[in-house]
Amino acid sequence: MCGITGWASFHRDARTRPRVIEAMTATLTPRGPDAGGVWLGEHAAIGHRRLAVIDLAGGAQPMPDRPDAPTAVLSYSGEVYNHHELRAELRGRGHEFRTRSDTEVVLRAYAEWGEDLAEHLDGMFAFAVWDERAGKLVLVRDRLGVKPLFWAAVDGGLAFASEPKALFAHPEIRPRVDADGLREAYSLLFNTGPTVWSGVREVEPGGVLVLDRDGIRERRYWQLDLAAHTDDKDTAVDRVARLVGGAARGQLEADVPLCSLLSGGLDSTVVTALLADELRLCEGPDARIRSYAVDYSDQAEQFTGDVLRTGHDTPYATEAGAFIGTDHSTVVLDPRDLLDPEHRRAVVVARDSPIGVGDMDTSLYLLFGEIRQHSTVALSGEAADEVFGGYPWFHNPKALAADTFPWLLVTGEEAAMPLNPELDLRIGEFSADTYRGALAAVPHLDDETPAEHRQREMQHLSLTRWLRQLLHRKDRLSMAQGLEVRVPYCDHRLVEYAFAAPWSLKSFDGREKSLLRAVGAGLAPDSVLYRLKNHYPATHHPDYNRGLQDMARDALADDRVRSIADETRIKPCLDTPADQLEWGHRLRLERVVDLALWLDHHQPELVL
């Protein structure tokens, strides 16, 4: 896992501007603390920061296809899990290898298949190939968008990077925010393509972008589609078990210490159990995988249920770890540490965005920092709710009947930061138009019922939108600590199979995630197997609420913050007693604080 950046221009000689690519690359040092490098050609400059995971000695980047007079240069981030199989295939086609890294497999795959190479890769990745012979830049992103990739126009070409901050180190790209950017950020619709930054876009998940002298062209090599599903329940359970098991085991390879994120929920417990079984199979019956959970020092006494949380995670995580036989640790955070301005600033800097979830982001960042003391790679249960139908909106008649994105109903208006009415962003109109377009992209089968298609819409929205922001969050906060997080439930074959399965199979036991629960039988204790869905934990300490209110008051003293946020509608959240502050209102304050930190760090030009 790494950070990539660079640019290509047919109007300038990149060799005369080494300091630019060096500055861009330096911004990504947290993503790649182990090594860095740049490559300069006449029309392209390529940079790389490396977090060494596989072939520690041989995977240096940017990687040319040959040391002298290269015809192609690669800057690559991610992991290709089928690189052993591809290496054997490419050798059979006459390719020779200097290293055992998956990076070189991607480079040789480009030499063999050109722009079509992504269809041969299984994994999470974002990479850039400068093709010196053809005079073109090729940008590729994995199917689900696990790894980020941004780009912006420059004179005669474009610049690209794993994070926008690297783009802003290029002298032709400045941090600029207009009304369209604020609408994208605060509507919480999670479009891919446009960003909060004017002129900065994402390469689409499952997308390829090519720049040559004829201009820029984009295409999708993968998108979520439907196939007829004829498996009965037992066959489907067996198929899902093989897909989940294969994905988890295939992501175990690393030349550095590896661990699992174990929250005590069904998703992470199943993944951890499969990893533990594989580790014992490979290294002997006494081998134990490390597992980690997060908690707050006040949680046992202060826990209060809310719209997202039904119980305290730690007892379930501890029980799951003992059941599986992991070397389990709980990272306990003091809620007051979540108010530390330096921690919060680090999170906002990592995100490059004002939109987050406050203390949950800060605690995840601190958790990853603790894990990084012992491990370089962690596996996560992220995406199981989207894949198997675990969210409340799959089962709530009100959400199913609503003519809007279902997550907007979870906390209602009280959780959204009210925006200054003078901005006239028309978010309601924007949301309605976006929703209609999102539904139009959902595939359907001719013989499916309206109820079945509605569930299909819910899953498509969850996989193509809601999941994107969760993956961004996990990537940014983990990579800011130099930790690689892998997500087995994002295996595209598993996603395709589960999406095609009828809703009756996904809910055959009358509950959420029926298929995954059936797979988990024997892998997880019953207390976890039948536990209600619980979201990432948040602190409930009144001192945290009180400190957050103070920080929000300070934030609102900034004229730029008040130009975006509606102070009059936030004031009631400031005046509420700290021990009575509801979660939705607290989230409003979190976003005000993050907005102030974001404005202070990036100093964007506001064109509103």
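By convention here, the first residue in the shown sequence is residue 1.
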Listed partners of [X] passing side chain to side chain donor-acceptor pair (under 3.5 Å), at least two apart:
{"X": "N82", "value": "none"}
{"X": "D142", "value": "none"}
{"X": "D359", "value": "R586"}

Parallel, tilted or perpendicular: ring planes of [X] versus [Y], cut at 30 and 60 degrees:
{"X": "H492", "Y": "W222", "value": "perpendicular"}
{"X": "W466", "Y": "F190", "value": "perpendicular"}
{"X": "F168", "Y": "W197", "value": "perpendicular"}

- prompt: Does the pair E132 and T71 meet the rule for a side-chain hydrogen bond (donor to acceptor under 3.5 Å, both in side chains), with working shown?
  reply: CA-CA 5 Å; E132 182 79 356; T71 63; over 6 Å; no
State whether a side-chain donor-acceptor pair under 3.5 Å links [X] with [Y].
{"X": "H83", "Y": "E104", "value": "no"}
{"X": "R219", "Y": "Y221", "value": "no"}
{"X": "K474", "Y": "S380", "value": "yes"}
{"X": "Y489", "Y": "D385", "value": "no"}
{"X": "R468", "Y": "N191", "value": "no"}
{"X": "D102", "Y": "H84", "value": "no"}

On a heavy-atom basis, which atom in [X] and which in [Y] lie closest, and how many Å separate them?
{"X": "G47", "Y": "T25", "answer": "CA-OG1, 3.4 Å"}
{"X": "C2", "Y": "S162", "answer": "O-OG, 4.2 Å"}
{"X": "P205", "Y": "R143", "answer": "CB-O, 3.5 Å"}
{"X": "M124", "Y": "V485", "answer": "CE-O, 3.5 Å"}
{"X": "Y76", "Y": "H48", "answer": "O-NE2, 3.0 Å"}
{"X": "D475", "Y": "S478", "answer": "O-OG, 3.2 Å"}

Is the shortest distance from a Lys or Arg side-chain nitrogen in [X] or [Y] to a carboxylate oxygen in the other one below 4.0 Å?
{"X": "R465", "Y": "E386", "value": "no"}
{"X": "D68", "Y": "R66", "value": "no"}
{"X": "E89", "Y": "R87", "value": "no"}
{"X": "R133", "Y": "D131", "value": "no"}
{"X": "K136", "Y": "E115", "value": "yes"}
{"X": "D361", "Y": "R344", "value": "no"}
{"X": "R50", "Y": "D34", "value": "no"}

Is there a side-chain contact between [X] and [Y] in this structure, where contact means two heavy atoms from C-beta onward sitting under 4.5 Å apart?
{"X": "W7", "Y": "L211", "result": "no"}
{"X": "W113", "Y": "E119", "result": "no"}
{"X": "V177", "Y": "L182", "result": "yes"}
{"X": "L471", "Y": "L467", "result": "yes"}
{"X": "L139", "Y": "E218", "result": "no"}
{"X": "I46", "Y": "V38", "result": "no"}
{"X": "R486", "Y": "E484", "result": "yes"}
{"X": "I216", "Y": "V210", "result": "no"}

message: Among V256, D255, L51, exactly one meets side chain to side chain contact (heavy atoms under 4.5 Å, CB included) together with V377. Which residue is that?
response: V256
- prompt: Listed by chain and number, what are the salt bridge (charged side-chain N to carboxylate O under 4.0 Å, His left out) partners of D559, not counting sequence neighbours?
  reply: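 Expected list: R562.
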query: salt bridge (charged side-chain N to carboxylate O under 4.0 Å, His left out) with E202: which residues, sequence neighbours excluded?
result: R141
Between [atom1] on residue [X] and [atom2] on residue [Y], distance to nearest 0.5 Å:
{"X": "T192", "Y": "H472", "atom1": "OG1", "atom2": "NE2", "value": "8.0 Å"}
{"X": "L275", "Y": "R290", "atom1": "CG", "atom2": "CZ", "value": "15.0 Å"}
{"X": "W151", "Y": "L209", "atom1": "CH2", "atom2": "CG", "value": "5.5 Å"}
{"X": "E42", "Y": "D13", "atom1": "CD", "atom2": "CG", "value": "5.5 Å"}
{"X": "M360", "Y": "T362", "atom1": "CE", "atom2": "OG1", "value": "10.0 Å"}
{"X": "R93", "Y": "R108", "atom1": "CZ", "atom2": "CZ", "value": "15.5 Å"}

- prompt: Passes side-chain contact (heavy atoms from CB on, under 4.5 Å), V203 versus F160? Steps please.
  reply: CA-CA 9 Å; V203 175; F160 65 89; over 6 Å; no
field: Derivation and outcome, side-chain contact (heavy atoms from CB on, under 4.5 Å), residues L548 and E590
entry: CA-CA 7 Å; L548 180 65; E590 300 276 15; 3.5 Å; yes
field: R426 CZ: over 12 foreign heavy atoms closer than 6.0 Å
entry: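 It does not: R426 CZ has 12 such atoms or fewer within range.
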Step-by-step side-chain hydrogen bond (donor to acceptor under 3.5 Å, both in side chains) determination, W598 to Q603: CA-CA 8 Å; W598 175 72; Q603 295 292 319; over 6 Å; no
side-chain contact (heavy atoms from CB on, under 4.5 Å) between L258 and T376, intermediate numbers included: CA-CA 6 Å; L258 180 146; T376 307; over 6 Å; no
- request: Mark yes or no: R476 above the aromatic ring of Y365, with NZ or CZ under 6.0 Å from the six-membered ring centre and no more than 45 degrees from the axis.
  value: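 Not satisfied by the 6.0 Å and 45° rule.
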Within 45° cone and under 6.0 Å: R201 NZ/CZ vs F150 ring: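 Not satisfied by the 6.0 Å and 45° rule.
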message: Apply side-chain hydrogen bond (donor to acceptor under 3.5 Å, both in side chains) to residues S268 and S263 and explain how you reach the verdict.
response: CA-CA 6 Å; S268 63; S263 69; 3.2 Å; yes
task: Just grab all the salt bridge (charged side-chain N to carboxylate O under 4.0 Å, His left out) pairs involving residues 205-214, residues at least two apart or on different chains.
output: D212-R217
task: For H43 and G135, indicate whether the former's side chain and the latter's backbone hold a donor-acceptor pair under 3.5 Å.
output: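 Flag not set: sc H43 to bb G135 has no pair under 3.5 Å.
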message: Run the side-chain contact (heavy atoms from CB on, under 4.5 Å) test on Q251 and E79 for me, step by step, so that the C-alpha distance in whole Å, both residues' side-chain angles and the decisive distance to 0.1 Å come before the verdict.
response: CA-CA 9 Å; Q251 297 185 25; E79 304 291 346; over 6 Å; no
